[in-house]
Amino acid sequence: MHRLFLAMLLIVPLFVVGKQHTVSGYIMQQSNRETLMSAYVTDTLNLQKTISNQSGFYSISLPEGKVCLKASYIGYNENIASFRLEGDTVINFYLKEKDETIGEVTITAETPIHEQTLMGKTLIPIEKVIKTPSFAGVPDLLKAITTIPGISSGSEGRSNIYVRGGDRGQNLILLDGAKLYNTNHIGGFVSLFNADIIKQVEVYKSGFPSRYGGRASSVIDITTRDGNREKLQGKFSLGILNSSVSVDGPIGKKVSFNAGLRTTYYDLFTIKSRLEYRGSDDGTYFGYTFYDANAKLTYYVSDKHRAFVNFYSGNDYNKSKYKDVAASTIATEEISDYNIYNSCVTLGDRLTLSSKTIWQNSFTFSRYKNMLGTTNTDSIYGGKKTTDIYNTSTSIAEYNLQSRIEYYTSRHTLKGGAEYSNYHFVPGISHTYNENSGSGQMLDTIQGYTTPISSNEFSLYVEDDIDLGHSIYMNMGIRGVLFSCNGYNYMKAEPRISLRAMLGKNVSFKANYTVMNQFNHVIVSSSGIFEKEIWITSTEKIPPQQAQQISFGIFGTALSSKIELSVEAYYKRMTNLLEYKSTSVNEIAITSLENLITKGGKGDAYGMEFQSKYTHKKFSIDASYILSWNYRQFDELNKGEQYPFLYDRRHQFSILASCVMGKHYSVNTNFVFATGSPYTIPEAYIKRTNGSEYAYYALSGINNYRMPNYHRLDVALVKRELTKHGRVQQFTLNIYNIYARQNPASIFFRDGKLYQTSLFTIVPTISYTLEF
Amino acid sequence: MKERIYSLIIAVSLFSSCEKTIEVDYSKINMTDKIVIQAYLNSETDIKAYIYKTLPLNNVIGNSYLQSPNVWLYQNEEVFTQLHETDSSLYVLNDSVKLKKNTDYKLVVEAEGFETAVSNSQQIIEPVTIDSVYKEYDTIRWLGNFYVQFNDPNPDYNKYSIQINTYSRYMQNADGFIGGTLNDEGFTTNSRLYSDTYKTRSDSAIVKIYTYSQTLIDFEDSYSNYEVSYGEKQYESVFPVENFITNGYGFFGAQAISTYTFIWEKRN
């Protein structure tokens, strides 16, 4: 099969007709010279067109002679260049935004769906993230992504992502090319992406190009803004949960920057509590804070060469203290520290070698660390104090090198490259220490290694976006991966193919088949609202997960692409999945997680997704319906029988609507409905009447029952206006779950009855944003 | 004041959780009463089998006593003997019966109105040999470290339950209990060492080490996981208690007990 793909790549001929020259360049916004992705460049005389890539670069081969190039992007005025083509030419287009009023931001749209070769790809402009009503009024990228059919958020209010039956750890999340291993603040209720610094997001749930690898279910590729090259600008947002500030602008003529800071300020209001706690013999104190810091510098070496460095650092910190003076004069103080660190750095370089060739290189470093520390101080026997310290942590660090070449011809866009990752895992270290005796021990609680585990992943890939003629387009590629850990190697080949055939001017048929392997796995343990994601590597005992997916569908547009309609069917088969077979991962005395998880699991996910969109200047509506089935099977669980996955929801329906009212006001609404999640309830109660060691509910199978259906409506009212100083300010009233639906967050069984707990029955919040 | 307002907003807005009762459609749940077997094979002359029935979900405080079951012990897949009831729901061997080592035993329970329940098979297991018991004092923290050294003849099993009861002639309130479980994964020899700390001054101790068959370990582990996960929202799925009985619930496990009495020569 793999050989066939390789052969097709080599055999497909390059059709070149007549004497041709290449026109290439970048498409940028006029106001700030930020590049525009997925903008069209059309030769209106020869009726040929191309689309700008992720960095705004386009390249089109045209016959010698007169050409009339039109650059267009929805929400921007067209720009036309008419000239006689006599050789390779470079033309940069600067597009001006159409609507310069202070009214609602126009949502920029991607390429009409029937014209995209890749199926399963969605481009999310950051404006959509900002407009989507969200929990606590915080614009949340991951929650906006869950409005895409086939992607769900899992638990109430959280920002986890589950794509077409995949687990939350199967999503490749890239921030300017650097992988992120944890994307949550406050246990998942807020994602760590500061919307103010993001330019755009590409989401793939199928049809993965071969340049992406390492995760089984999805790719979320986030690009941050390079920064305004014309003037200094910024934005300040004040919300109930957090506030943020971002600034971007030029530094001289060749450098631009973009920086953002977001933080919660709960701790500021608890200073008094902290002081009171210090001055008393007993009491409790709870503090929580998180922050995100982003910074990006872009150096425009020349028109053909740019380099950038991007930095992200985020931290969640929770400190809780408890102390009590009992009558027995034994004083006890317990201090808990909970820390989650995320950071990444990208050094990137993009060089236009010729009008047809681009060379990109990057070095990234990513790190995730989760630490929990507890300090217990006891005063015993005559006031002598003894302190016991217990720390546990889990972490992963990755060094990644990538190099890629893109080559454009009239009918081909070839991309090929290499990627190398070096991982350092410390899955679970616990450290106990007694301050007085000096005794302590260090124990690896997860995989039984006494030093960090190192693994290496090397990949080579090639892909081609081919115009086969007769309105048939194909994206075909293959990725080969060599993974090595402790002398044990895995070698995998991942063929990817996507096909698009135009059935009419505005209707196309698409199909794709992809294989993805995942060598790093996440397992999640919880403590209260906090979740600990533990990354473990594939070893001889833990083989890589694999997902094979086939999908196909019909895509069409009408009314000049104002209406988009699509129906898509998919089947995904996942193998070598992992699952807990024990709750003991929260305990200290674990010697090896490999014995606590069950391996070799299989997952089957299939369904159909229907989507319709209508976009008008003042009104837009996006409705989707998903019919899906999602199952798991492990030999060691549920007697080896297949059972519904936790987020198996038979029906899902959502409507996202936006309406501009007058010059200053707009309303955004989001309604979601989903069949209740599967849940496990018993079939009998076991207890000996005259006493017994064991009393329990007998469970006939995992996830054998369903929670009540989930639905809610969120509404955001936005007022956007100019201040007397000519700056744009925005007030937002956001109401999450406006009709206070008691949706099930969890269910438990007691005395023959089911009890349901609900979170967030109605959450009204306000926020203020000032652009300067 | 600001703190209170802020906390109030946060509390009302973010953590406005509630609890309500929802109806269960019992017609979707199989609620046929079944036989429960919880049985231990302790030695060549000792089987303790608790036999009763499940309770329906809508009457969990009902009576689980199973009327007049026939409890058969099978030896190598053939009927060997019948157990009799000595206490409510407790069935044991007749005095004259002696079981063999390295032989498979299983229980079959018949009762009117119930499907016949069949247990898993078990063999008698060997107890560990306790080699020595000693203690040391940590004079800084005034804690005793208690050590039990023993030899494990069961390389297939990897868990022990250790119970240490301590006694003092001079301090009536000093009697204490310590103990726990010990996993023996990773050991290359049969020699094991268990240690624990305690604060009680004592001059004698009785040490008991329980060795469990794999069935019993699996059942106990699954029960422990069930207790932690059931009704707790932090676990995405509830871990079911493992079942080893065909047409019923429960387990047939084997265990062995070793006892060691230790007296200190002088009071510490």
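This one's a predicted model, so the numbers in the text were calculated from it and none came from an experiment. Convention: sequence-line order gives letters A, B, ...; per-chain numbering from 1.
- Of all heavy-atom pairs spanning B:Leu55 and A:Lys687, the tightest one is CD1-O, 4.1 Å.
- Only the side chain of B:Tyr223 comes within contact range of chain A, with heavy atoms under 4.5 Å apart.
- One N or O on the side chain of B:Tyr226 and one on the backbone of A:Tyr697 form a donor-acceptor pair closer than 3.5 Å.
- A:Tyr694 has its side chain out of reach of B:Tyr249: every pair of non-hydrogen atoms, C-beta onward, lies at least 4.5 Å apart.
- Residues meeting the salt bridge (charged side-chain N to carboxylate O under 4.0 Å, His left out) test with B:Asp46, sequence neighbours left out: B:Lys48.
- The CG atom of B:Leu90 sits 7.5 Å away from atom CZ of A:Arg688, with the distance rounded to the nearest 0.5 Å.
- Atom CD1 of residue A:Ile686 and atom NZ of residue B:Lys53 lie 13.5 Å apart, to the nearest 0.5 angstrom.
- The parts of B:Asn63 that come within reach of chain A are both its backbone and its side chain, each placing non-hydrogen atoms under 4.5 angstrom from that chain.
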